[in-house]
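Okay, so here's the structure we're looking at.
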Protein chains: 2
Amino acid sequence: MKTMDAGLFFEDFQTGRTYETGGRTLREGDITAFAEVSGDHNPLHADDAYAAAAGFGGRIAHGVLGLAVATGLLNQRGLTRGTLLAFLGLTWQFRLPVRPGDTLGVRVRVASVRESRRPDRGIVVLAVEARNQTGAVVQSGEFTLLVRRRRAS
Amino acid sequence: MKTMDAGLFFEDFQTGRTYETGGRTLREGDITAFAEVSGDHNPLHADDAYAAAAGFGGRIAHGVLGLAVATGLLNQRGLTRGTLLAFLGLTWQFRLPVRPGDTLGVRVRVASVRESRRPDRGIVVLAVEARNQTGAVVQSGEFTLLVRRRRAS
């Protein structure tokens, strides 16, 4: 059995350091699947004519689908593989529409780190930007994560 | 063709007023579907033994799946049917795990409203709480929405 490398422990996160994920092209089927799992069937995401009349040119992805894909790309990057204890919270701005065919990639910067009262874990805040294939930042914000320490100190 | 009633316009949102959505029971298949569409295959959401060892007792839902379901319940409530111009951003805390079989419901309170520079729209901030079947708040935060005005003033 192949052992996966562990991700970063709390002590490994250096403020200001950046990481990039791979990319993912969003398909129409992803929007349909997200409408189903979320239950959000707003016609902005399903009806080209309605979305065009609303000024978007055609159907757009749910904002939270972009966020979901960002979390997936980060997970696949393996930064906190086996070391993530909890996703505590986030702030997030939906800046530009994401459309079927757009390719998203994520860049994170370690914004801050702070110790927890418990010696086996710490809190890491990542500044997160999701960009499309033109380099435009379509969504951005901060993720607050609870991450294992390598050893109690 | 049945015409759906329009949702609330900017002028209709009164600070402090609350609204409740219906409920939705989260199934194991929802977690599997969300792992697929997000690309987040963290074993906390797929592997009962791993999630138990991490202290969760068994596999838990992705945090962002809970958020996605909250947006879906709100959409189904129809509050901003036909009047929502954009989801601008959010703040969100993941407070308690959500497990397969949990039933989520959402309560929103109009936290604040403010006019936009453009006379045909305004900004509405909703304080949002997602509760499970025991009444515990599992996730909460604020959604900032751009909503149509009934008429320009």
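Quick caveat: nothing in here was measured; it's all calculated off a predicted structure. Residue numbers start from 1 in every chain, and the chains themselves are labelled A, B, ... in the order their sequence lines are given, proteins ahead of strands.
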Next item on the list: Please check if the side chain of A:Q76 supplies one atom and the backbone of B:D40 the other of a donor-acceptor pair under 3.5 Å.
Entry: no
Test of understanding: clusters of I, L, V, M, F, W, Y form through side-chain heavy atoms closer than 4.5 Å, transitively. Do [X] and [Y] belong to the same one?
| X | Y | value |
| --- | --- | --- |
| B:L145 | B:V108 | yes |
| B:F13 | B:F9 | no |
| B:Y19 | B:L84 | yes |
| A:F10 | A:L88 | no |
| B:L96 | B:V69 | yes |

Checklist line | A:R24, part contacting chain B, at a heavy-atom distance under 4.5 Å | finding: side chain
Checklist line | Segment of A:L85 engaging chain B (4.5 angstrom heavy-atom cut-off) | finding: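 For A:L85, the contact with chain B is made by the backbone alone.
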Checklist line | Per-residue contacts, residues 121-140 of chain A versus chain B, heavy atoms under 4.5 Å | finding: none
So which residue, [options], ends up with the most heavy-atom pairs under 4.5 Å with chain A?
| options | result |
| --- | --- |
| B:S38, B:A70, B:P43, B:A86 | B:S38 |
| B:T71, B:V37, B:I60 | B:V37 |
| B:A54, B:G82, B:G72 | B:G72 |

Check: How far does CG of A:L67 sit from CZ of B:F87, to the nearest 0.5 angstrom?
Finding: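 It is 9.0 Å, given to the nearest 0.5 Å.
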Margin query: With rounding to the nearest 0.5 angstrom, report the OG1 to CZ distance, A:T144 to B:F94.
Written below: 10.0 Å
Check: Are any non-hydrogen side-chain atoms of A:L90 and B:T91 less than 4.5 angstrom apart?
Finding: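 Side-chain contact under 4.5 Å: no.
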Check: Mind checking which of residues 28-35 of chain B sit less than 4.5 Å from chain A, heavy atom to heavy atom?
Finding: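 So far as heavy atoms go, B:D30, B:A33, B:F34 are the residues that approach chain A to under 4.5 Å.
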